[in-house]
There are 2 protein chains.
Amino acid sequence: MQKQTLLTKNQQIIFDLIDKSPEPMKAYSILFNVQKKGIKAPLQVYRALDKLVEIGKIHKIESRNAFIACHNSSCQVAKATAFSICEICEKVTEISSAGLSKYLANFKDKDGMKYSKYNLEFFGLCKKCR
Amino acid sequence: MQKQTLLTKNQQIIFDLIDKSPEPMKAYSILFNVQKKGIKAPLQVYRALDKLVEIGKIHKIESRNAFIACHNSSCQVAKATAFSICEICEKVTEISSAGLSKYLANFKDKDGMKYSKYNLEFFGLCKKCR
DNA sequence: AATTTATTGTTATAATATAACATTATGTAA
DNA sequence: TTACATAATGTTATATTATAACAATAAATT
Ligand SMILES: [Zn+2]
Ligand SMILES: [Zn+2]
Ligand SMILES: [Zn+2]
Ligand SMILES: [Zn+2]
């Protein structure tokens with residue numbers, strides 16, 4: 001079986017919803033929004049989310065338990081993510097900075113740990129909320 | 001009322017438990033462990049955790065919903081945290097790297113966002129698990 | 001002592017996420 | 001094209017994480 005490239009029905013429905021959303025979406029809000037399309041149970045949502053995260057189409061914002069679509073041109077960086085989060089309006093933006101990702105990819109700690117992945121969340125106030 | 005410096009009873013009980021623990025502790029595991037000391041309800045645990053996080057005595061590992069004591073000499077960096085997480089044994093270590101924190105503190109994104117805080121989680125395999 | 005603020009106690013409930021098992025669809029290979 | 005393996009789905013139940021609401025106590029401030 002070749003590596004999945006097309007999304008399945010549930011994955012596509014849920015990806016489309018998240019992709020259209022201007023802000024991160026939470027699992028049960030997603031569930032509510034796709035019930036009219038026949039996705040009735042939390043597990044159906046979580047399974048699609050898991051797969052979409054795995055293949056890099058969406059990212060989980062850990063501090064918010066919410067999901068956003070990747071906009072780094074079908075993210076090659078599912079394993080190297082950085083976000084800015086406004087603590088007032090909760091706007092979340094994926095950061096794509098070559099310098100930052102290079103710095104973090106090359107970061108070595110004292111314990112000789114080998115990293116395969118990182119996630120960075122910056123918090124502050126966006127332009128509007130300042 | 002001056003800024004709290006001593007911990008209250010519940011805060012101290014819960015901090016001591018987390019501080020002794022070799023690994024991050026989850027809220028309900030904490031609850032279970034402090035019930036013999038009279039802390040009976042989840043909310044009592046979460047309130048203490050919130051305060052301990054706020055004053056920098058502990059940190060939340062967002063990707064694990066778990067808490068560890070700060071070991072950066074009573075952390076001045078509750079607002080600038082970095083951790084390494086082994087994906088096999090789940091060992092978590094707080095990273096204290098002057099270079100890293102300087103780089104991240106000075107990081108500026110394109111949108112002109114003003115950051116007051118960040119959290120970085122590295123994932124990989126620790127020495128033992130490699 | 002009176003007032004304000006922080007902390008605690010308690011019950012109930014909300015929000016997030018997974019277990020277990022049956023079924024259906026899809027890809028691979030004889 | 002049939003058999004086999006793997007991936008995705010459907011469904012019910014339940015586990016885990018976290019907060020709402022309100023009453024009572026304790027501690028700091030005036
Ligand atoms: Zn991305
Ligand atoms: Zn904002
Ligand atoms: Zn610390
Ligand atoms: Zn390990």
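Reminder, nothing fancy here: chain letters follow the sequence lines and each chain counts from 1. The figures that follow rest on heavy atoms only: side chains count, while hydrogens, waters and symmetry mates do not. Just so you know, these numbers come straight off a predicted model, no measurement behind them.
Regarding B:K9, its NZ atom lies at a distance of 15 Å from the C1' atom of C:dA6, rounded to whole Å. Regarding B:L6, its CG atom lies at a distance of 18 Å from the P atom of D:dA26, rounded to whole Å. We find that CD of B:Q35 is positioned 17 Å from P of C:dT8, with the value rounded to whole Å. The CG atom of B:N10 sits 17 Å away from the P atom of C:dA6 (whole-angstrom rounding). If you take CZ of B:R47 and C1' of D:dT25, they are 12 Å apart, rounded to a whole angstrom. For the pair B:I14 CD1 and C:dT8 P, the computed distance is 9 Å after rounding to whole Å. With rounding to whole Å, B:L31 atom CG is found 13 Å from C:dG9 atom P. When the P atom of D:dA7 is taken as reference, atom CD of A:Q11 falls 12 Å away, rounded to whole Å.
In this structure, a donor-acceptor pair under 3.5 Å is absent between the side chains of A:E62 and A:N119.
Contact between B:V53 and B:K60 at its shortest, heavy atoms only, is CG2-N, 4.4 Å. The minimum heavy-atom distance between B:F123 and A:Y118, with the atom names listed, is CD1-CA, 4.2 Å.
The side chain of A:K26 places an N or O atom within less than 4.0 Å of a non-bridging phosphate oxygen (OP1 or OP2) of C:dT16. When the side-chain nitrogen and oxygen atoms of A:Q44 are compared with OP1 and OP2 of D:dT9, none of them lie within a distance under 4.0 Å. Phosphate proximity of D:dA26 to B:T8: absent, as no side-chain N or O sits under 4.0 Å from OP1 or OP2. For the OP1/OP2 pair of C:dT10 and a distance below 4.0 Å, the side-chain nitrogens and oxygens of B:K40 include at least one atom meeting the criterion.
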- Task: Walk me through it: do B:F83 and B:F122 pass the test ring pair (Phe, Tyr, Trp, His ring centres under 6.0 Å)?
- Result: CA-CA 6 Å; B:F83 306 95; B:F122 282 105; over 10 Å; no

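For residues 24-45 of chain A, the set of pairs meeting the ring pair (Phe, Tyr, Trp, His ring centres under 6.0 Å) definition, not counting sequence neighbours, is empty.
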Polar pairs (N or O, both sides) under 3.5 Å between protein and nucleotides 18-20 of chain D?
from   : atom 1 : to    : atom 2 : distance (Å)
D:dA18 : OP1    : B:K60 : NZ     : 2.7
D:dA18 : OP2    : B:Y46 : OH     : 3.1
D:dA18 : N7     : B:Y28 : OH     : 2.8
D:dA18 : N6     : B:Y28 : OH     : 3.1

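The main-chain N or O of B:L100 is found under 3.5 Å from a side-chain atom of B:S97 such that the two form a donor-acceptor pair. Judged by distance alone, with hydrogens and angles left aside, the side-chain atoms of A:D111 form no donor-acceptor pair with the main-chain N or O of A:M113 at under 3.5 Å.
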